[in-house]
Colleague: 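What follows is a single structure, and I will ask about it in a moment.
What you see is a predicted model, and the numbers here were worked out from it, not measured in a lab.
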Amino acid sequence: MKKYQEYKQVDYPGIGESILAFWKENKIFQKSVENREGAETFTFFEGPPSANGTPGIHHVMARTLKDIFCRYKTLKGFQVKRKGGWDTHGLPVELQVEKELGITKEDIGKKISVEEYNKKCRETVMRFKDEWDQLTEQIGYWVDLDDPYITFDAKYIETLWNLLKRFYDKGLLYKGYTIQPYSPAAGTGLSSHELNQPGCYRDVKDTSITAMFKLKGEEDTYILAWTTTPWTLPSNSALAVGENLDYVKVKTFNPYTFQPQTVILAKARLSASFNPKASDVAIEDYKPGDKLIPYQVLGEMKGRDLLGLEYEQLFPIEGLSLPHPAFTVIAGDYVTTEDGTGIVHLAKAFGADDFRTLEQNGVPGVFVKDENGTDVPVIDKQGKFLPIVGKYLADKIKEHGIAAHKEFGADDFYVKNYLKEDESGADYKTTDIFITIILKNENKAFKVEKYEHSYPHCWRTDMPILYYPMESWFIKTTAYKDKLVELNKTINWKPESTGIGRFGNWLENLVDWNLSRSRFWGTPLPIWRTEDGSEEKCIGSIDELNAEIKKSIEKGFMTASPFKEEVPDLHRPYVDDVIMVSSKGEKMFRETDLIDVWFDSGAMPYAQWHYPFENEEIFKANYPADYIAEGVDQTRGWFFTLHAISVMLFDDVAFKNVIANGLVLDKNGNKMSKRLGNAVDPFKTLKEFGPDALRWYMLSNANPWDNLKFNEEGVTEVQRRFFGTLQNTYNFFALYANLDHFTYDGDKAIQADQRPELDRWIISKLQSLIIEVENAMDSYDATKATRAIMSFTVDQLSNWYVRLARKRFWRGELNADKLAAYETLYECLITISQLMSSFAPFYSDWMFRNLTEGRREAGHQVPESVHLTEWINADHSLINEDLLASMELAQNISSLVHSLRKKERLKVRQPLQKILVPILSEKTKQQIQHVEELIKAEVNIKHIEYIDDTSGILVKNVKPNFSKLGKQFGPKMKLVAANIQKWGKDEIAEIEKNGAIFIDLEGEKITLTLEDVLISSEDIPGWSVASEGGVTVALDVTLTQELKQEGIARDLVNRIQNLRKDMGLEVQDKINIKIAKHDELINQALENFSSYIREETQALSLSVNGNIEGGTILDMDDFELTVKVEKV
RNA sequence: GGGCCUGUAGCUCAGGUGGUUAGAGCGCUACACUGAUAAUGUAGAGGUCCGUGGUUCGAGUCCACGCAGGCCCA
């Protein structure tokens, strides 16, 4: 019976399937975790994917990356629990449901109840769970799929509420404003996602105005600020300049009132604001009404010189005046001179930048109190000016006698034409136009014109959006900025730049975390308020909630609890039905917001265990994470929310090591998209290549943090080059081990130091490889690890060790040398199977099991899977640096000889007498002598001759050692180099003899030592020479009769082997050979090398006859030979 | 507009702290091997190291400014 299974053909996808079945049947994953009970914990957090879409090829990348370090750490002896998880809330789910039901957000609560809607969301979100599970299994991502955390789960939400309450109790959860895109026509806020829908940004022509803000305390001096939204001007409360930009003060005339005036604007905007033709016109020559308005620059200043200047309110409306520092000049870091005047008008309520800048500078905005006493902007949610402004505008229209298409009262001024009035009437005017006319008349407009620009529109109503202040709940992350920054520095980021750059900079410019989402399917904000906002309650558990409900029922606000089940559904609409009782006995209603889904996922370290309600021990043992991995696009998403919650509530990092992987692009570097049809189907790819080659390709081709240009040809290459070579090597081993009935037994194996040189060398290499892989994996560098394994397997093991040791496997009986070869190759293979098991979990297990099956059947204790083994630590004592250096020389010299043979057209089968190797040090000579036999066999030469100075034929070259001399001589380097390059053999001899030499450098005497130069030998006169990496080889190309005969013998062996093969003989079959007589040289060759030929071809006899019946004519290149081979 | 990443052979990628002939694999060409054989090996050709300036005796490497592609954020 064969102990080692041999395979003609390998079916990689098949291996994936059969090993997967084996894992399932024998619970290998569970065992790999249970095995390590009591061992040190290595904690991994799964960033939850959303299962409402099908998985793509990039998920293979992300999940492989997660998997490999967990597997590696398991081998290293850690217990690695991996709880799976699902992200279930959020806008994409809602949008998908709306699309399928053919409804919009407005229909919720009308055409469909919130209850039904959320039910639909809950069904939809797990729609592709099966596909996800399938992919996860098929690619070998080991994660606990049976007991995952699910973010819509009531227990999960309970933890979220608990965390939110902790924030609340610390005073870190507060209600404030944020400026958001808002659609007055639809009466709803819009997400950036919605704004990015195609067709939302449209080119529109708006009335733009450069308004004049009169400086206080100066005669007719104005600051110019440009805006495309004149309706925001009544809300102006400050002007922003760029501190480092250049500004000018210009004397000119108003084009509408013709009055003389002085204006301030950015120097760079001068030519755009004034007609250059007017630059020649003298100020004095201007007459009111002239088309060409002269201007004269009076002075120049920096933006920072303008800071603090006060100006008069543009619309001095009663009730809208503001205290200092309103109506002053402040600095804005985003101010440019690309358009406008280089000075930006700020209206706190209608621009996110405006809001932020004013807030930072402590400048109040223009607001009025509503009936509840809260501040509201002067435009209502329908997009209409409040009467306080409307009355002012209506009065001005009368005062200035402006013709209008209708009578305007105080309550008639809509911005952006939200009434959808017919605009074609002769006197039709928008609110913007009224505002500009009033300003023109009042000498407050410098320029008014139509301006075409891109402006976002509501995708439902097609109407332009407003940026409008919306009430929102925030987590005060800014209060912990320093701590967040500080603890981030303790995290090991891969790549580092994402941590210090992308993430670090983001933390430096932190703003408070806006938690609010005005939606339906998500975690409800657990805050109840009285109607006047005077009292609030934040609920932190289901028990608290029930207690409040009980109180409410007693008070009579509620008749019954909306929660029938013991574990209630904490979603809308049920929580909205809860009315609580304030301390004063008033009704309290829930704030209708949901929270940001990123809070859901960022809270998974706690919520996945339902901490602190349950599992405190498990939580503490599994926090913080040793390792997480996710796409780089999560930097401001999951990575941030994990970090923020952990630092702010638990004063610790949430993760210690993190890989932020890049995107998977198509082979041309374009983003994959289902729409464009360039997306790669992971299931199809798996079916074609199996999981191992796919994983290996993704990890080894490029660093995971760089974008991967996914190319199937790359997978093919990995499969052929790495897996194919490894498979061949295994098969080679299996073939001969079975013939020899060899079974590996570690206890009885020959001691490594007793084995032949070649064996000790590959063992040396193998130990170095283990260390290399360990180092790479310990620093989370999978690419390095896979490349090292690949290089060892292909270049060292297969291409060198097996090739050179080949004959040892098939010649003679099972002696010590042969045994050592088997044992060595076996040890290499089994070690590779373990080293590669993290990356190629299926194939490696398959090979491991093939290698160990015999032992298992013989009753030995061998783990049933490579994933249940203990890491084989490197044995440093087996690393022989000298031997490694020797073998490298052997490889180099062989390569050089091959190159020379090629040049001289002498094939390797033709033996040659000798090579010459110039020797510059005794050590090198010894190192080469060590591997002399190998070299001679590999390149088919008889002798290696070492030549040194005494031979008289060695020609040495000398080169400056730049790196050493450069530091010493710096600028004189060129002179020194020139001097050294002129040296002849006398100077070289002198420095070699004395260890130093004096040279004259433009009159200056300097000393150079042996270390300052590099001496090499690259030439032997009269010989064919090749040189590389400091080694030089010369080839003796003389062919003696004897050599020619041997060459013929070898050629003949080769031809007979082919014949044997054509005849279909087995390796061990014996033959008889008859050869027809030929000329003397050939007869001699046959005679002299008869035994050699017989041995090589397994021939019992070799006879040379005059004539042969039915022989085969062999083409021997230079001649032909008739031969008859017969099976014995 | 800002932050970050990437740019080296036809393709995919290596190239600690600057050092004088810039490497590998694939592909291509030629050859070898034929007892690992639908495998394998060797050699060769192939380079404006994205561009422009700068620092330096010396730059693929350091600095500045650009260009192209990508991601995230405004």
Side-chain angles (χ1 to χ4, degrees), chain A residues 8-9 192 333-336 338 352-353 356 495 497-506 508-509 631-637 660 662-663 665 667-671 697 700-703 705-711 713-714 716-718 720-722 724-725 727-736 783-784 787 790-791 794-795 798-800 802-803 806-807 809-811 894-895 897-903 905 907-909 938-939 959-967 969-977 1026-1029 1054-1055 1057-1058 1060-1062 1065-1068 1096-1098:
Chain A
K8 272 272 167 224
Q9 285 253 356
S192 57
D333 53 11
Y334 52 88
V335 177
T336 69
E338 278 182 13
D353 276 335
R356 182 172 51 85
S497 60
T498 298
I500 54 183
R502 192 182 274 222
F503 195 62
N505 290 339
W506 155 257
E508 292 289 348
N509 299 309
V632 67
D633 51 334
Q634 301 283 323
T635 309
R636 286 140 155 90
L663 265 65
L665 309 169
K667 63 180 174 184
N668 299 316
N670 299 313
K671 207 170 168 170
Y697 162 73
S700 65
N701 184 67
N703 284 316
W705 42 86
D706 290 334
N707 289 347
L708 173 70
K709 288 184 206 162
F710 184 86
N711 192 344
E713 285 171 32
T716 311
E717 189 185 323
V718 161
R720 232 195 28 235
R721 188 163 169 73
F722 174 59
T725 305
Q727 178 56 29
N728 270 324
T729 309
Y730 165 80
N731 251 352
F732 176 84
F733 168 81
L735 176 68
Y736 292 108
T783 307
K784 240 186 198 143
R787 286 178 180 177
M790 205 155 36
S791 153
V794 175
D795 298 334
S798 168
N799 186 28
W800 194 252
V802 172
R803 205 153 49 79
R806 225 153 74 186
K807 282 189 180 167
F809 289 90
W810 47 268
R811 180 168 285 166
S894 300
S895 161
V897 175
H898 278 132
S899 155
L900 285 169
R901 275 181 172 275
K902 160 97 182 160
K903 202 161 82 185
R905 297 181 181 282
K907 53 190 174 189
V908 181
R909 262 204 305 266
E938 171 68 7
V939 297
K959 268 198 312 197
N961 184 353
F962 280 96
S963 57
K964 184 149 191 309
L965 289 171
K967 288 182 186 79
F969 293 102
K972 289 183 190 161
M973 186 65 215
K974 279 203 169 120
L975 289 172
V976 180
S1027 186
E1028 195 195 310
N1054 164 247
R1055 302 304 191 269
Q1057 301 287 33
N1058 287 348
R1060 282 184 58 116
K1061 218 179 151 198
D1062 292 344
L1065 299 187
E1066 290 291 314
V1067 171
Q1068 56 275 37
E1096 291 291 320
T1097 59
Q1098 309 258 20

Colleague: By nearest nucleotide on RNA chain B, pick out whichever of R356(A) and M973(A) is the more 5' one.
Modeller: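 In this pair, the answer is M973(A).
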
Colleague: In the structure shown, which nucleotide is the Watson-Crick or G-U wobble counterpart of rA24(B), with both distances under 3.5 Å?
Modeller: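 When the pairing criteria are applied, rU12(B) turns out to be the nucleotide that pairs with rA24(B).
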
Colleague: Taking rA30(B) as the reference, what is the distance to rA36(B) when you measure between their P atoms (whole Å, please)?
Modeller: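 It works out to 26 Å between them.
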
Colleague: Determine the Euclidean distance between corresponding C1' atoms of rA59(B) and rG15(B); express it in Å to zero decimal places.
Modeller: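 After rounding to an integer number of Å, I get 14 Å for this pair.
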
Colleague: Applying the Watson-Crick and G-U wobble criteria at under 3.5 Å, what pairs with rC4(B)? Answer none if nothing qualifies.
Modeller: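 The base-pairing partner of rC4(B), which may sit in any strand shown, is rG70(B).
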
Colleague: Counting side-chain heavy atoms from C-beta on, which of rU42(B), rC71(B), rC26(B) comes nearest to N799(A)?
Modeller: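 Closest of the options to the side chain of N799(A): rU42(B).
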
Colleague: What's the closest nucleotide to the side chain of Y736(A) if the choices are rC73(B), rU42(B), rA36(B)?
Modeller: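 Of rC73(B), rU42(B), rA36(B), rA36(B) is nearest to the side chain of Y736(A).
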
Colleague: Would you say W800(A) and S894(A) make side-chain contact, with heavy atoms under 4.5 Å?
Modeller: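 They are in side-chain contact.
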
Colleague: Taking only the P atom of each, what is the distance from rG46(B) to rC13(B) in whole angstrom?
Modeller: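 About 24 Å, rounded to a whole number of Å.
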
Colleague: Can you check whether any acceptor in the base of rA36(B) is under 3.5 Å from a donor in the side chain of S798(A), or vice versa?
Modeller: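 Under the 3.5 Å cut-off, the side chain and the base do form a donor-acceptor pair.
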
Colleague: Ignoring the backbone of F732(A), work out which of rA36(B), rC57(B), rG19(B) is nearest its side chain.
Modeller: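 From the listed options, rA36(B) comes nearest.
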
Colleague: Look through every strand shown and name the nucleotide pairing with rA36(B) as Watson-Crick or G-U wobble, where both distances are under 3.5 Å.
Modeller: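 Its partner: none found.
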
Colleague: Can you tell me the distance, in whole Å, between the CZ atom of R901(A) and the C1' atom of rA30(B)?
Modeller: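 One finds 18 Å between C1' of rA30(B) and CZ of R901(A), rounded.
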
Colleague: Any side-chain N or O of K709(A) below 4.0 angstrom from OP1/OP2 of rU12(B)?
Modeller: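 Checking rU12(B) against K709(A), a side-chain N or O does come within under 4.0 Å of OP1 or OP2.
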
Colleague: Measure from the side-chain N and O atoms of N703(A) to the backbone N and O of W705(A), and report whether any donor-acceptor pair falls under 3.5 Å.
Modeller: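 Side chain of N703(A) to backbone of W705(A): no pair is present.
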
Colleague: Determine the Euclidean distance between corresponding C1' atoms of rG51(B) and rA68(B); express it in Å to zero decimal places.
Modeller: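 The answer is 11 Å between these two C1' atoms.
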
Colleague: Taking 4.0 Å as the cut-off, does a side-chain nitrogen or oxygen of R721(A) come that near to OP1 or OP2 on rC26(B)?
Modeller: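 True: R721(A) side-chain N/O within range (under 4.0 Å) of rC26(B) OP1/OP2.
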
Colleague: Taking side chain to side chain contact (heavy atoms under 4.5 Å, CB included) as the definition, give me every residue that meets it alongside L735(A), ordered by chain and number, with sequence neighbours left out.
Modeller: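 Here the qualifying residues are E6(A).
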
Colleague: Under 4.0 Å, counting only non-hydrogen atoms across every strand here, what does V802(A) touch: a base, just sugar-phosphate, or nothing?
Modeller: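 Base contact - V802(A) has a heavy atom under 4.0 Å of at least one base atom.
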
Colleague: Would you measure the distance from the P atom in rG2(B) across to the matching atom in rG66(B) and give it in whole Å?
Modeller: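 Result for the P pair: 9 Å, nearest Å.
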
Colleague: Taking the P atom of each, how far is rC65(B) from rG1(B), in whole Å?
Modeller: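 It works out to 15 Å between them.
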
Colleague: Counting only side-chain N and O atoms of N707(A), is one of them less than 4.0 Å from OP1 or OP2 of rG70(B)?
Modeller: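 The answer is no; no side-chain N or O of N707(A) sits under 4.0 Å from OP1 or OP2.
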
Colleague: Please report the distance separating the C1' of rA9(B) from the corresponding atom of rG25(B), rounded so that it comes out in whole Å.
Modeller: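 These two C1' atoms come out 12 Å apart once rounded.
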
Colleague: Take N728(A) and A352(A), find for each the nucleotide of RNA chain B with the closest heavy atom, and name the residue whose nucleotide sits nearer the 5' end.
Modeller: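 Taking each residue's closest nucleotide, the earlier one in sequence belongs to N728(A).
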
Colleague: Hey, is the side chain of T635(A) poking within less than 4.0 Å of OP1 or OP2 on rC4(B), counting only N and O atoms?
Modeller: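 T635(A) to rC4(B) OP1/OP2: no side-chain N or O under 4.0 Å.
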
Colleague: Considering residues at least two apart in sequence or located in another chain, which fulfil the ring pair (Phe, Tyr, Trp, His ring centres under 6.0 Å) criterion with Y730(A)?
Modeller: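 None.
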
Colleague: Counting side-chain heavy atoms from C-beta on, which of rA36(B), rC4(B), rC13(B) comes nearest to N505(A)?
Modeller: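 Among the listed nucleotides, the one closest to the side chain of N505(A) is rC4(B).
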
Colleague: Without decimals, in angstroms, what is the distance between K907(A) NZ and rC33(B) C1'?
Modeller: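 Going from K907(A) (NZ) to rC33(B) (C1'), I get 11 Å.
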
Colleague: For nucleotides rA24(B) and rU6(B), find the distance between their P atoms and express it as a whole number of Å.
Modeller: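 Here rA24(B) and rU6(B) have their P atoms 24 Å from each other.
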
Colleague: Can you say whether the rings of F809(A) and Y736(A) are parallel (under 30°), tilted (30 to 60°) or perpendicular (over 60°)?
Modeller: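 Tilted.
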
Colleague: With a 4.0 Å cutoff (strictly under), does any side-chain N or O of R806(A) reach OP1 or OP2 of rU37(B)?
Modeller: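 R806(A) to rU37(B) OP1/OP2: no side-chain N or O under 4.0 Å.
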
Colleague: Round to a whole Å and report the spacing from CG of D706(A) to P of rC5(B).
Modeller: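 From D706(A) CG to rC5(B) P: 11 Å.
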
Colleague: Below 4.0 angstrom, N of the basic side chain to O of the carboxylate: do R803(A) and D795(A) qualify?
Modeller: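 Looking at R803(A) and D795(A), the cut-off is not met.
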
Colleague: Who does rA64(B) pair with, Watson-Crick or G-U, both distances under 3.5 Å?
Modeller: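 Checking every strand shown, rA64(B) finds its partner in rU52(B), with both distances under 3.5 Å.
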
Colleague: Starting from P on rC31(B), measure out to CZ on R909(A) and report it in whole angstrom.
Modeller: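 So the CZ-P distance, R909(A) to rC31(B), works out to 15 Å.
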
Colleague: Would you say a side-chain N or O of R502(A) is under 4.0 Å from OP1 or OP2 of rC71(B)?
Modeller: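 For R502(A), the contact criterion (side-chain N or O under 4.0 Å from OP1 or OP2 of rC71(B)) is not met.
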
Colleague: A660(A) and T498(A): which non-hydrogen atoms are nearest, and at how many Å?
Modeller: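 Heavy atoms of A660(A) and T498(A) come nearest at CB-CG2, 4.1 Å.
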
Colleague: Expressed as a whole number of angstroms, how long is the span from E508(A):CD to rC4(B):P?
Modeller: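 It is 12 Å, rounded to the nearest whole Å.
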
Colleague: Rounded to the nearest angstrom, tell me the gap between atom CG in L975(A) and atom P in rC57(B).
Modeller: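 Rounding to the nearest Å, CG of L975(A) and P of rC57(B) are 12 Å apart.
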
Colleague: For rG41(B), which nucleotide in any strand shown is its Watson-Crick or wobble partner with both distances under 3.5 Å?
Modeller: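 When the pairing criteria are applied, rC31(B) turns out to be the nucleotide that pairs with rG41(B).
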
Colleague: Measure CG/N1054(A) against C1'/rU34(B) and give the value in whole Å, please.
Modeller: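 After rounding, the gap between these two atoms is 7 Å.
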
Colleague: Do you know which two heavy atoms are closest between V908(A) and R901(A), and how far apart they sit?
Modeller: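 Heavy-atom minimum between the residues: CA-NH1, 3.5 Å.
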
Colleague: What's the CZ-P distance between R787(A) and rC13(B), to the nearest Å?
Modeller: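 Taking atom P of rC13(B) as the reference, CZ of R787(A) is at 9 Å.
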
